[in-house]
Amino acid sequence: VIVGGARDMAVGWAVFRNYVGHAKEIKGDVTDYPRFFLMPPTSHVDSDSLGNNVISLRVDEHIDYEVEMVVRLGEDLEPVEMCIGCDTTNRTRQTLAKEKGWPWLEGKSFIGSGVLGTWSPWDPSIMEIGLSLNGETKQLATTDLMVHSFDSIMSHLRGWYGLSPGDLIWTGTPEGVGSMKVGDKVSAWMKNSNGETVSVLSATCKL
């Protein structure tokens with residue numbers, strides 16, 4: 001897989017405010033059922049086989065990292081693979097959209113916003129997800145802390161929306177999000193209940 005290459009057809013269904021800590025840090029409420037924003041195919045950027053990737057920044061704009069577990073659906077629309085991902089958010093554009101009552105598309109679904117790590121077979125057990133910036137751990141949580149479980153997320157998606165094979169489910173980020181600058185090194189990981197690393201991401205921030 002070419003680093004920086006976008007998935008041809010995968011749509012991302014991204015759950016927002018799915019960890020209480022993150023909802024509090026952005027002064028938002030958790031929702032009574034999972035709510036989503038869409039990420040088009042051009043949002044998704046695959047890593048190479050070692051997890052190397054690139055995070056794209058913009059001049060004079062505030063872009064945050066957000067670590068998440070990402071799940072890919074198979075031909076039968078059941079989960080088949082998972083990876084660690086970094087859902088980058090353009091706070092400059094998102095804040096303006098909130099103030100104006102505009103859609104958040106510029107802030108959440110721009111080209112290269114969904115940075116993916118290495119893939120492994122789907123495992124429904126509890127996972128640890130974490131992210132470090134320049135070697136300092138910034139986010140660390142387990143997936144049992146999600147407000148809406150993965151089963152709940154899938155139930156709602158099936159009831160309301162038209163899923164397709166290859167679609168990606170972004171399951172939300174825990175607290176600790178923060179901004180990045182050119183040259184920063186972002187590392188992220190996912191570990192299973194045995195402490196084994198099942199997915200990694202190593203990304204460099206560039207314009």
Pairwise side-chain contact, [X] with [Y], heavy-atom cut-off 4.5 Å (strictly under):
{"X": "Glu68", "Y": "Ile129", "value": "no"}
{"X": "Thr171", "Y": "Thr143", "value": "no"}
{"X": "Leu131", "Y": "Cys86", "value": "yes"}
{"X": "Ser47", "Y": "Thr118", "value": "yes"}
{"X": "Ser43", "Y": "Ile111", "value": "no"}
{"X": "Val54", "Y": "Val45", "value": "no"}

For Phe37 and Phe16, take the angle between the two ring planes, folded into 0 to 90°, and tell me which bin it lands in: parallel under 30, tilted 30 to 60, perpendicular over 60.
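Because their plane-to-plane angle lies in the 30° to 60° range, the rings of Phe37 and Phe16 count as tilted.
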Quick one: sort the Trp13 and Tyr161 rings into parallel, tilted or perpendicular, breaks at 30° and 60°.
tilted
For the atom pair [atom1] ([X]) and [atom2] ([Y]), what is the distance rounded to the nearest 0.5 Å?
{"X": "Met146", "Y": "Tyr19", "atom1": "CE", "atom2": "OH", "answer": "5.0 Å"}
{"X": "Ser56", "Y": "Met180", "atom1": "OG", "atom2": "CE", "answer": "9.5 Å"}
{"X": "Arg17", "Y": "His148", "atom1": "CZ", "atom2": "NE2", "answer": "11.0 Å"}
{"X": "Glu128", "Y": "Asn192", "atom1": "CD", "atom2": "CG", "answer": "10.0 Å"}
{"X": "Met39", "Y": "Asp167", "atom1": "CE", "atom2": "CG", "answer": "12.0 Å"}
{"X": "Arg58", "Y": "Thr88", "atom1": "CZ", "atom2": "OG1", "answer": "11.5 Å"}

Verdict with supporting geometry, Ser179 and Ile63, side-chain contact (heavy atoms from CB on, under 4.5 Å)
CA-CA 5 Å; Ser179 63; Ile63 296 181; over 6 Å; no
Begin from the C-alpha positions of Lys206 and Leu57 and carry the test side-chain contact (heavy atoms from CB on, under 4.5 Å) through to its verdict.
CA-CA 6 Å; Lys206 299 181 178 181; Leu57 305 182; over 6 Å; no
With no hydrogens and no angle check, just 3.5 Å: does a side-chain donor-acceptor pair link [X] and [Y]?
{"X": "Asp64", "Y": "His62", "value": "yes"}
{"X": "Trp170", "Y": "Glu66", "value": "no"}
{"X": "Thr173", "Y": "Gln139", "value": "yes"}
{"X": "Ser149", "Y": "Asp151", "value": "no"}
{"X": "Thr89", "Y": "Gln94", "value": "no"}
{"X": "Lys191", "Y": "Thr197", "value": "no"}

Can you tell me if Asn18 uses its side chain to pair, donor with acceptor, with the backbone of Val15 under 3.5 Å?
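It does not hold such a pair.
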Keeping Asn194 on the side-chain end and Glu196 on the backbone end, is there a donor-acceptor pair under 3.5 Å?
no
Any idea which heavy atoms bring [X] and [Y] closest together, and the distance?
{"X": "Cys205", "Y": "Lys181", "answer": "CB-O, 3.3 Å"}
{"X": "Ser113", "Y": "Lys108", "answer": "OG-O, 3.3 Å"}
{"X": "Trp119", "Y": "Val70", "answer": "CZ3-O, 4.0 Å"}
{"X": "Leu50", "Y": "Asp48", "answer": "N-OD1, 2.9 Å"}
{"X": "Ser199", "Y": "Cys83", "answer": "OG-CA, 3.5 Å"}
{"X": "Tyr65", "Y": "Leu133", "answer": "CE2-CD2, 4.1 Å"}

So, Lys185 and Glu136, do they make that salt bridge, N to O below 4.0 Å?
no
Is it true that, when you exclude [X] itself, more than 12 heavy atoms of the residues, nucleotides or ligands shown sit nearer than 6.0 Å to its [atom1]?
{"X": "Ile26", "atom1": "CD1", "answer": "yes"}
{"X": "Arg35", "atom1": "CZ", "answer": "yes"}
{"X": "Lys24", "atom1": "NZ", "answer": "no"}
{"X": "Ile126", "atom1": "CD1", "answer": "no"}

According to a 4.5 Å side-chain heavy-atom criterion applied to Ile, Leu, Val, Met, Phe, Trp and Tyr, with indirect links allowed, do [X] and [Y] form part of one hydrophobic cluster?
{"X": "Leu163", "Y": "Phe36", "result": "yes"}
{"X": "Leu77", "Y": "Val11", "result": "yes"}
{"X": "Val115", "Y": "Leu38", "result": "yes"}
{"X": "Trp189", "Y": "Val177", "result": "no"}
{"X": "Phe150", "Y": "Ile84", "result": "yes"}

Determine, step by step, whether Leu157 and Ile169 satisfy the side-chain contact (heavy atoms from CB on, under 4.5 Å) criterion, reporting the C-alpha distance in whole Å, the side-chain angles of both residues, the deciding distance to 0.1 Å, and the verdict.
CA-CA 10 Å; Leu157 284 172; Ile169 314 300; 3.5 Å; yes
When you look at Met190 and Val200, which way does the side-chain contact (heavy atoms from CB on, under 4.5 Å) test go after all the steps?
CA-CA 7 Å; Met190 181 160 58; Val200 294; over 6 Å; no
Take Glu78 and Trp122 through the test side chain to side chain donor-acceptor pair (under 3.5 Å) and record every step on the way to the result.
CA-CA 10 Å; Glu78 295 293 333; Trp122 165 243; over 6 Å; no
